[in-house]
Amino acid sequence: MKVSGSQRKENIINNIEYIIRSRGETKVSFSNRTGVTRATLYKILEGKVDNVQHSTITRIADFFGVACDIIENHDLEQIEFIEKMLSPEGDKNPAAIPVIPQSVFMSCFKQRIGFLATQYPVTWYFGDVSNMVALKVEDNIKNIFFPGDILIIKRHSPPSNKQLGLFYSEKNGINFSQNNNVDDNMLQYNEILLGAVIEERVSLNEM
């Protein structure tokens, strides 16, 4: 359903504000991660851009795993509220998550989700999804994860509770830790936080 130009503008502003709020972003982090300049973002949110470029919407949609049509023509907050109220976990539509081999994970880690999904095989994940990729293990990681295992990663998100945090350093490569104090962990080992491991899928070939 296409809406008028003024309604499209209002939808874009409201949906960007909701994405920033609901995904735990700030305007600065939102700008840095999506590639939308701060100046452009502020102008959009202040209502100074009457016709936001489709390429800008695509950057936001690809990064957060939301359809362009939703951002432009619908109320994302209302849609997600209804889904949470009415959809039991088993009835949620699966989301396609790009599966990236360990050997090339870092070289394409910052690329947009929409692009990665066209370059690599996908796996399916049932649940609330934004900014998620899958790591296909190729080399033994701490004798816990083995070749063929798949780790579903929420990018840039610190681990919570008993989740594993995925890190990278030049010395140790891709590694993980259960230390939830991310700042101390990164200072001690000079590691970059890649994200939180929200699901582990063990390869049956290794069992």
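Heavy atoms only: backbone and side chains are in, while hydrogens, waters and symmetry mates are out. If you're wondering where the values come from, they're calculated on a predicted model, not measured in any experiment.
- Scored by the side-chain hydrogen bond (donor to acceptor under 3.5 Å, both in side chains) test, Arg23 finds Glu80 as partners (sequence neighbours excluded).
- Using a distance-only test at 3.5 Å, with no hydrogens or angles considered, no donor-acceptor pair links the side chain of Gln7 to the main chain of Ser4.
- No donor-acceptor contact under 3.5 angstrom links the side chains of Ser55 and Thr58, judged on distance only.
- Under the 30°/60° scheme for interplanar angles, the aromatic rings of Phe109 and His156 are found to stand perpendicular.
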Discussion item. One pair to check against side-chain contact (heavy atoms from CB on, under 4.5 Å): Arg33 and Glu25. What are the steps and the verdict?
Written reply: CA-CA 10 Å; Arg33 294 180 182 181; Glu25 300 285 345; 3.0 Å; yes
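- Applying the ring-ring contact (aromatic ring centres under 6.0 Å, His included) test to every pair with at least one member in residues 37-60, sequence neighbours left out, gives no pairs at all.
- Panel note: side chain Thr118, backbone Phe115; a donor-acceptor pair is recorded below 3.5 Å.
- Between Met132 and Lys154, the shortest heavy-atom contact is CG-CA, 3.8 Å.
- Other residues, nucleotides and ligands contribute more than 12 heavy atoms inside 6.0 Å of the CD atom of Glu17.
- Using a distance-only test at 3.5 Å, with no hydrogens or angles considered, no donor-acceptor pair links the side chain of Glu77 to the main chain of Asn15.
- Taken from CD1 in Ile113 to OG in Ser130, the straight-line distance is 9.0 Å, to the nearest 0.5 Å.
- A donor-acceptor distance shorter than 3.5 angstrom exists from the side chain of Ser22 to the backbone of Tyr18, with no hydrogens or angles considered.
- Each of Ile57, Ile60, Asn51 was scored for a side chain to side chain contact (heavy atoms under 4.5 Å, CB included) with Ile12, with one residue passing: Ile57.
- Checked by atom type, the side-chain pair Arg201/Thr123 shows a donor-acceptor distance below 3.5 Å.
- Judged by distance alone, with hydrogens and angles left aside, the side-chain atoms of Lys9 form a donor-acceptor pair with the main-chain N or O of Gly47 at under 3.5 Å.
- The closest donor-acceptor contact from the side chain of Ser29 to the backbone of Thr26 lies under 3.5 Å.
- Between the Glu138 side chain and the Ser103 main chain, a donor and an acceptor come within less than 3.5 Å of each other.
- One side chain, Asp69 or Asn73, offers a donor N or O that lies under 3.5 Å from an acceptor on the other.
- Remark: the backbone N or O of Phe145 is not paired with any side-chain donor or acceptor of Asp149 at under 3.5 angstrom.
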